[in-house]
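Below is one structure; the comments refer to it alone.
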Amino acid sequence: MENTLVIYNSLTRKKETFTSIHPKHVGLYVCGPTVYGDPHLGHARPAITFDLLFRYLEHLGYKVRYVRNITDVGHLEADADDGEDKIAKKARLEKLEPMEVVQYYSDRYHEFMDALNVKKPSIEPRASGHIIEQLQLVKDILDKGYAYECNGSVYFDVEKYNKEHHYGKLSGRNIDDLLSTTRDLDGQSEKKKSYDFALWKKAAPEHIMRWPSPYSEGFPGWHLECSAMSAKYLGEEFDIHGGGMDLLFPHHECEIAQSTVANGHAPAHYWMHNNMITINGQKMGKSLGNFITLEEFFTGSNDLLEKAYSPMTIRFFILQAQYRSTVDFSNEALQAAEKGFTRLMEGMNNLEKVKPGDNSSFDVAAFKAKCYAALNDDLNSPILIAQLFDGVKQINNMIAGTANLTEEDLTAFKTLMRSMVEDILALKNEAASSAGQNELLGNVIDLMLQLRMDAKKNKDWATADRIRDELQNMGLIIKDTKDGFEWEIK
RNA sequence: GGUCGGUUGGCCGAGUGGCUAGGCAGUGGUCUGCAAAACCAUCUACGGCGGUUCGAAUCCGCCACCGACCUCCA
């Protein structure tokens, strides 16, 4: 009877019933953005996926501590052979302080996440603010003998670790396969094995972002921040670790190895990975240069876009696919999502107008059970949305008088629809909010349309049509309804 | 090359061993001074070849194609 949330655990490759370590509390860690570029559609996917999880867990009554980091240090440039920090490189190009770049893109990220109605995490720690914790972790791993120092850099000894643990258990790899498939990278010659990874990296002379350490002036390794910060804020053992599928290997694999050495056990019980957004069947990503930024979506300023798409359209578009499936971008799909979203929002508006009847023509409890069943099955948002469209159909039928609910059932139905749409999927009516921003303008438009109604009553079609056409030319959408009119700003 | 995943109707996208996914588009209808919008109804499907089964798009095998990871990536 109680809600039983089942989530797909990447670690076991199975759907598992979710049980939190501490009753009624959930620790959730999600890999956040690297702030050296404008947020794009790919960033929206994990943010929205785990926002849904965050909201649903809270809805179920859990107290959730949601930690999502900001990576502002550390990652190596793929095409650069100097091992230069990404952020430092961008900073030099733009003649800015690295922290200025970080600040700018962090703000941009937050701005667009707000637009997408993504709830802020409980804690948003920065890698650069946790150098001490990361250095402690390096020392700990060194002391335990699972790392070695070479020319001021410290590397994790994968081979040694693999003797007692399975390095690759998350991503389904084994150490022998890795040997033959790793490429040449900077510092490869310093490492004992190509699959060893850096815990601390000595900074090249031109490197701006650097911190003192017992090993060298340098910066922490690529995967260390998440191990350090998750342990700091959620404990050595926590419930759920999330992130994009592209982080599964090596990033999360390395995290597991580091944390396992430091703490004696693996960090997270459940690992969740959202799939990628594709464009023409290919992953949308920075390295491929085929990404569309969120700003471009919202303004339509990209050649690939036929028009602008609102934040809620993007959110709905992403929620229309289950998080473990790829979503293929196309204008056709976006426009379909836009229309579907509008239909859902109109249904929600109509819900307010529904009057109770003497009996109930459909089963609210069964409908409710279907909604929860969808969410409980590994956050199956597309199924939930399909159910909600059934709800919309019922709303419209009730307005038309071909369906009805008793007062008690109607109250339950309204509560359910609102909590699903507004609280859990976090979709909101954009048209209503934009009109509400300017009361004076709204009143003027209402007056004009009232005059049009009068003209219609007098069969003065010329005046009626003129008012409609001119308002439309100004960018309004005018809709006649049975007993009046509706309008919105396009 | 290794590992993993996918292939559903015009498009997107769920799911399941036999019972309508849903949205968009299309078609028919209702409403309407006209138009738009809205609402109602409705058609087209499960990559190929074998196998298991009373029955498979759903399970198994093979093949084809696509993608992800193996390098920073959401």
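Chain naming here is simple, since letters A, B, ... match the order of the sequence lines and numbering starts at 1 in each.
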(request) Would you indicate whether Lys14(A), at its atom NZ, is surrounded by more than 12 heavy atoms from other residues, nucleotides or ligands within a distance under 6.0 Å? (result) no

Rounded interatomic separation in angstrom, taking [atom1] from [X] and [atom2] from [N]:
X         : N      : atom1 : atom2 : value
Leu344(A) : G23(B) : CG    : P     : 11 Å
Met398(A) : C40(B) : CE    : C1'   : 16 Å
Tyr167(A) : C70(B) : OH    : P     : 11 Å
Lys353(A) : A38(B) : NZ    : C1'   : 10 Å
Lys201(A) : U71(B) : NZ    : P     : 15 Å
Met345(A) : C39(B) : CE    : P     : 14 Å
Leu170(A) : C70(B) : CG    : P     : 13 Å
Phe197(A) : C70(B) : CZ    : P     : 15 Å

At their closest point, which heavy atom of [X] faces which heavy atom of [Y], and how far apart are they?
X         : Y         : result
Glu225(A) : Asn69(A)  : OE1-ND2, 3.0 Å
Arg324(A) : Asn275(A) : O-ND2, 2.8 Å
Leu416(A) : Lys368(A) : CD2-CA, 3.5 Å

(message) Tell me whether the rings of Tyr167(A) and Tyr161(A) are parallel (<30°), tilted (30 to 60°) or perpendicular (>60°).
(response)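 Tyr167(A) vs Tyr161(A) ring planes: perpendicular.
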
(request) Please examine the side chains of Met99(A) and Asp72(A), heavy atoms only from C-beta on, and report whether any two atoms are closer than 4.5 Å. (result)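 They are in side-chain contact.
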
(request) Would you check if Arg68(A) and Tyr29(A) make a side-chain contact, meaning some heavy-atom pair closer than 4.5 Å? (result) no

Suppose you measure atom [atom1] in [N] against the same atom in [M]; what distance do you get, rounded to whole Å?
N      : M      : atom1 : value
U42(B) : A21(B) : P     : 12 Å
G10(B) : C46(B) : C1'   : 16 Å
G17(B) : G28(B) : C1'   : 35 Å
C24(B) : U3(B)  : C1'   : 37 Å
G9(B)  : G33(B) : P     : 42 Å
U27(B) : A14(B) : P     : 27 Å
G15(B) : A56(B) : C1'   : 14 Å
G22(B) : G61(B) : C1'   : 34 Å

(message) Both conditions, 6.0 Å and 45 degrees, for the charged tip of Lys393(A) above the ring of Phe389(A): are they met here?
(response) no

(message) I want to check one thing: is the phosphate of G67(B), taken as OP1 and OP2, less than 4.0 Å away from some side-chain N or O of Lys283(A)?
(response) no

(message) Nearest heavy atom decides the nucleotide; on that basis, is Lys393(A) or Ala386(A) closer to the 5' end of RNA chain B?
(response)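 Result: Ala386(A).
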
Does the pair [X]/[Y] count as a salt bridge with the N-to-O cut at 4.0 Å?
X         : Y         : result
Lys370(A) : Asp390(A) : no
Arg315(A) : Glu430(A) : no
Asp465(A) : Arg468(A) : yes
Arg173(A) : Glu253(A) : no
Arg418(A) : Glu352(A) : yes

Counting the atoms with a prime plus P, OP1 and OP2 as sugar-phosphate, which does [X] contact under 4.0 Å by heavy atoms, base, sugar-phosphate, or nothing?
X         : result
Leu247(A) : sugar-phosphate
Gln282(A) : sugar-phosphate
Met245(A) : nothing
Gly244(A) : sugar-phosphate
His40(A)  : base

(request) Determine, for nucleotides 32-37 of chain B in 5'-to-3' order, which nucleotides have protein heavy atoms under 4.0 Å from the base (write B), from only the sugar-phosphate (write S), or from neither (write -). (result) -BBBBB

(request) At under 4.0 Å between heavy atoms, which parts of nucleotides 7-19 of chain B does protein reach? Answer with one letter per nucleotide, 5' to 3': B base, S sugar-phosphate only, - none. (result) ----SSSSS----

N/O to N/O distances under 3.5 Å, protein versus nucleotides 43-48 of chain B:
none

(message) Let's see if you can work this out: which of C73(B), G23(B), G22(B) has an atom nearest to the side-chain heavy atoms of Arg343(A)?
(response)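 So the nucleotide nearest the side chain must be G23(B).
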
(request) Could you pull out all residues at least two apart from Lys459(A) that satisfy salt bridge (charged side-chain N to carboxylate O under 4.0 Å, His left out)? (result)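 For Lys459(A), no residue satisfies salt bridge (charged side-chain N to carboxylate O under 4.0 Å, His left out) once neighbours in sequence are set aside.
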
(message) Checking Asp157(A) against Glu159(A) for the side-chain contact (heavy atoms from CB on, under 4.5 Å) test, could you report, in this order, the C-alpha distance in whole Å, the side-chain angles of both residues, the deciding distance, and whether it holds?
(response) CA-CA 6 Å; Asp157(A) 191 336; Glu159(A) 192 166 45; 3.8 Å; yes

Pairs under 3.5 Å (N/O, protein and nucleotides 3-5 of chain B):
{"residue": "U3(B)", "atom": "O2'", "partner": "Gly172(A)", "partner atom": "O", "Å": "3.1"}

(message) For RNA chain B, report each stem as range with range, ordered by first number, or say none. Use Watson-Crick or G-U wobble pairs under 3.5 Å, at least 3 in a row.
(response)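 The stems are B:1-7 with B:64-70, B:10-12 with B:22-24, B:26-30 with B:38-42, B:47-51 with B:59-63.
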
(request) Assert yes or no for the condition that the ring centre distance of Phe413(A) to Phe362(A) is strictly below 6.0 Å. (result) yes

(message) Tell me if the aromatic rings of Phe112(A) and Phe298(A) count as close, with their centers under 6.0 Å from one another.
(response) yes

(message) Please evaluate residues Asp378(A) and Tyr323(A) with respect to the criterion side-chain hydrogen bond (donor to acceptor under 3.5 Å, both in side chains), reporting the C-alpha separation (whole Å), side-chain torsions for both, the decisive distance (0.1 Å), and the verdict.
(response) CA-CA 9 Å; Asp378(A) 197 28; Tyr323(A) 76 90; 2.6 Å; yes

